[in-house]
Amino acid sequence: MLQIALTILIYLIMVIPVGIYMYHVAAGKRTFADPVLDRVDGAIYKVCGINPKNGMNWKKYAISLVATNGIMILLGYIILRIQSVGLLNPNGIGGMEASLSFNTIISFMTNTNLQHYSGESGLSYLSQMMVIIFMMFVSAASGYAACVAFIRGLAGRTKDNVGNFFEDLVRITTRVLLPFSIIGGLLLVWQGVPQNFSGNVVVETIEGAKQVIAMGPVAALEIIKHLGTNGGGFLGANSATPIENPTILSNLIELYSMMILPGACVITFGKMIRDRKREMAVAASDSTSAATSKSKVRRSLTERMYGREGRSIFAAMGILFLIGLGICFWAESQGNPVLADAGLSQAMGSMEGKEVRFGVAQSSLFTTVTTSFTTGTVNNMHDTLTPLGGMIPMLHMMLNVVFGGKGVGLMNMITYAILAVFICGLMIGRTPEYLGKKIEGREMKLAALCIIIHPLLILAFSALAVGTPDGLAGITNPGYHGLSQVLYEFASSAANNGSGFEGLADNTLFWNITTGIVMFFGRYLSMVLQLAIAGSLMKKRFVNESSGTLHTDTVGFAVILIFVVYIFAALTFFPVLALGPVAEHLTLWS
């Protein structure tokens, strides 16, 4: 427990300065890197024919995002199909099969990184770099760009300009993802993660057997897969292998890489909303002929608001995360009663599928982080988690608001915040307001659609899987756990997470196509609807606060938000969770 507490404490210290830096990047304010990177960005704009001063409305921004991602999907698919060419292919990997190529390219462009293949045997180094690593940068930058545009819309500083997608994509890549990746990659190399272009090495073990040790640009992939909350891995066994994750320090580097940018996005949101409130306060005081002491006090109070809107969102996410982490750690610490009855000691907790060097504490923390921050990388096998321990990562992907990844978690939580103020407004008989804007029919319809899409994709495709022979053929563990395998696969796909209950035989035409569809719609439908919400709100007038205004920057609102999220999850997912992990837990402990 002390390991977990210290890890989280260090994270809270780190996330604030990173959030301030990201705020400067998102708001176009000056940073220490500008003298060098302004020239780099300028060269990119010139080569690509981009005019960063051309602002976009939400529709043009969304079209630019989807179209750019679509072109990259096509190019990446072609590379996967022809990767058998000799270029950067020392291990002689053949071209990828059509349905698997479809699934893989959708997976990595949507920031999901669900892998129905083993990286060391399924991809050439060319594909690892030009498709996998490249798309890890682009998909992460696209998600963060959409989040920044969404925040600009909520801040409402203009009526129809949420920024320029291509400028945001370039600035986030050059100022955030690339420098952080270089630093983190060097740290991983320091800890022993390979970074080379050598072929696989065959060694003789102590027992005299032959073993193949994977080589390649592992560190480069490892760092961006965590920083961009991408997931997946160079190897099939992922960060559970000593090649990708050799030490406890590399484990911490990967943990913080997953957590840092999603948390920083919340701080960025709070500071950008604070800026808008500060401008309004200044305008209000300047509109009078003489600045009174009362207006000065009001301005001072406003300027001291260090992103209070962000703090309430961060608090709600943090409480949801800690509740899930506590349950997962407790469940794994209890061990497996079946193994205990067989005479095997469970004093260390349930160690099946876990690395001894990490133990229950770091495995539970990594499990909760990777599914809360929708990264999808694993340092233990989730299929071997206890029923309740496995339910937590599944539930957090179903919620998709516990920090989330690449800015999308913040967008989802704000959608729930809009739902929360609407419900509270109905209770007191007032028009709901959020961030000084009235929430009316159009916003509620868009928010409802956005919230409903996620469970619809998970439950509808899970029903299809358990109701068809091709879907049932992939289940390797019939019964309650088999249903959990199916639910986890589609929850991971819809949440763009990418981890899996790896007992599922998922490299088939059925699973490749269905999960590909779920990943695509889970990514882009929600993102476009959320940009539409921001576009609708930014055109509205600000309304003055009154005694009946619900303040959304308080601890009370954070608690309301938590209850709204859990109630919605219970209404949509509890029946199927009762048939899967809950029933398995009751059977195991009976």
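Computation of the quantities below employed the complete heavy-atom set of this structure, encompassing side-chain atoms and omitting hydrogens, waters and symmetry-equivalent molecules.
- Take Glu167 and apply the salt bridge (Lys or Arg N to Asp or Glu O under 4.0 Å) test, not counting sequence neighbours, and it matches no residue.
- Between the side chains of Asn245 and Asn251, at least one donor N or O sits under 3.5 Å from an acceptor N or O.
- Side-chain atoms of Tyr256 come within 3.5 Å of backbone atoms of Thr7 as a donor-acceptor pair (strictly under, hydrogens ignored).
- Minimum interatomic distance between Ala491 and Met394 (heavy atoms only, all atoms of both residues): CB-O, 4.4 Å.
- Interatomic distance, Gln3 CD to Ile248 CD1, rounded to the nearest 0.5 Å: 6.5 Å.
- Donor-acceptor pairing under 3.5 Å is recorded for the side chains of His396 and Ser372.
- Within 6.0 Å of the CE atom in Met130, the count of heavy atoms belonging to other residues, nucleotides or ligands does not exceed 12.
- Residues Thr371 and Asn497 approach most closely at CA-ND2, 3.5 Å, considering heavy atoms.
- The CD atom of Gln211 lies 11.5 Å from the CG atom of Asn200; values are rounded to the nearest 0.5 Å.
- A 4.5 Å side-chain heavy-atom check between Thr514 and Phe490 finds at least one atom pair inside the cut-off.
- Inter-residue side-chain proximity for Pro194 and Ile243 is flagged as met; some heavy-atom pair is nearer than 4.5 Å.
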### Task
Take Arg274 and Glu309 through the side chain to side chain contact (heavy atoms under 4.5 Å, CB included) test and state the conclusion after the steps.
CA-CA 8 Å; Arg274 181 209 62 181; Glu309 294 287 351; over 6 Å; no

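- Without hydrogens or angle criteria, Asn164 side chain to Phe166 main chain gives a donor-acceptor distance under 3.5 Å.
- Distance check, rounded to the nearest 0.5 Å: CG of Leu255 to OG of Ser257 gives 8.5 Å.
- Here the side chains of Phe501 and Ser492 are not in contact, with every heavy-atom distance at 4.5 Å or above.
- Of the possible polar contacts, one joining the Asn238 side chain to the Val378 backbone as a donor-acceptor pair under 3.5 Å is found.
- Annotation for Leu154 and Ala534: closest pair N-CB, 4.4 Å, computed over non-hydrogen atoms.
- The shortest heavy-atom contact between Val518 and Ser493 is CG1-CB, 3.7 Å.
- Side chain of Asn380 to main chain of Thr367: no donor-acceptor pair is present (N/O by atom type, distance under 3.5 Å, no hydrogens or angles).
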### Query
What's the verdict on side chain to side chain donor-acceptor pair (under 3.5 Å) for Asn412 and Gln530, showing C-alpha distance, side-chain angles and the deciding distance?
CA-CA 8 Å; Asn412 291 338; Gln530 286 160 342; 2.6 Å; yes

### Query
Would Thr515 and Asp506 count as a side chain to side chain donor-acceptor pair (under 3.5 Å) if you check the C-alpha gap in whole Å, the side-chain angles of each, and the deciding distance to 0.1 Å?
CA-CA 9 Å; Thr515 53; Asp506 48 20; over 6 Å; no

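- A distance-only check finds no donor-acceptor pair linking the side chain of His454 to the backbone of Leu399 [under 3.5 Å].
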### Message
Set out, in order, the CA-CA distance, both residues' side-chain angles and the distance that settles side chain to side chain contact (heavy atoms under 4.5 Å, CB included) for Ser142 and Thr68, then state yes or no.
### Response
CA-CA 9 Å; Ser142 297; Thr68 302; over 6 Å; no

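- Within the 3.5 Å criterion, the main-chain N or O of Asn379 finds no donor-acceptor partner in the side chain of Glu355.
- Remark: side-chain polar atoms of Glu244 are not paired, donor with acceptor, to backbone N or O of Val218 under 3.5 angstrom.
- Here the CG atom belonging to Leu365 is positioned 10.5 Å from the OG1 atom belonging to Thr370, to the nearest 0.5 angstrom.
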### Task
Go through the steps for Ile267 and Met22 under the test side chain to side chain contact (heavy atoms under 4.5 Å, CB included), then give the verdict.
CA-CA 9 Å; Ile267 295 174; Met22 281 192 65; over 6 Å; no

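- In this structure, Tyr488 and His382 have perpendicular ring planes: the angle between them is above 60°, well past the 30° mark.
- For the residue pair Asn161 and Gly163, the shortest heavy atom distance occurs at OD1-N, 2.8 Å.
- Between Asn111 and Arg523 the shortest side-chain heavy-atom distance falls below 4.5 Å.
- The shortest side-chain heavy-atom distance between Phe234 and Met215 does not fall under the 4.5 Å cut-off.
- Once rounded to the nearest 0.5 Å, the distance linking OG of Ser124 with CE of Met96 reads 9.0 Å.
- Put simply, the side chain of Leu12 reaches to within 4.5 Å of the side chain of Phe314, judged on heavy atoms.
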### Query
What do the steps show when you test Ser239 against Glu254 for side chain to side chain donor-acceptor pair (under 3.5 Å), and what is the final call?
CA-CA 9 Å; Ser239 291; Glu254 294 179 8; 3.0 Å; yes

### Query
Can you check side chain to side chain contact (heavy atoms under 4.5 Å, CB included) on Phe366 and Thr377, steps first, answer last?
CA-CA 9 Å; Phe366 205 99; Thr377 182; 3.7 Å; yes

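- Looking at Thr112, its side chain never comes within 3.5 Å of a backbone N or O of Leu114 through a donor-acceptor pair.
- Here the side chains of Ile313 and Phe269 are in contact, with some heavy-atom distance below 4.5 Å.
- A heavy-atom distance below 4.5 Å is not found between the side chains of Met258 and Phe403.
- Using a 30° and 60° split on the angle between ring planes, Phe197 and Tyr125 fall in the tilted class, from 30° to 60°.
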### Query
Does the side chain to side chain donor-acceptor pair (under 3.5 Å) test come out yes or no for Ser127 and Gln83, once each step is laid out?
CA-CA 7 Å; Ser127 294; Gln83 68 173 356; 2.6 Å; yes

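- Atom-to-atom distance recorded for Thr368:OG1 and Leu322:CG is 10.0 Å, nearest 0.5 angstrom.
- Here the side chain of Tyr11 pairs a donor or acceptor atom with the backbone of Met259 at under 3.5 angstrom.
- Within a 6.0 Å radius of CZ in Phe521, other residues, nucleotides and ligands contribute 12 heavy atoms or fewer.
- Neither side chain, Thr374 nor Asn496, offers a donor N or O lying under 3.5 Å from an acceptor on the other.
- Although no hydrogens or angles enter the test, the distance criterion places no donor-acceptor pair under 3.5 Å between the side chain of Asp34 and the main chain of Asp38.
- Taking the six-membered ring for Trp and thresholds of 30 and 60 degrees, Phe180 and Tyr21 have nearly parallel ring planes, at less than 30 degrees apart.
- Taking every heavy atom of both residues into account, Met519 and Ile106 meet most closely at CB-CG2, 4.0 Å.
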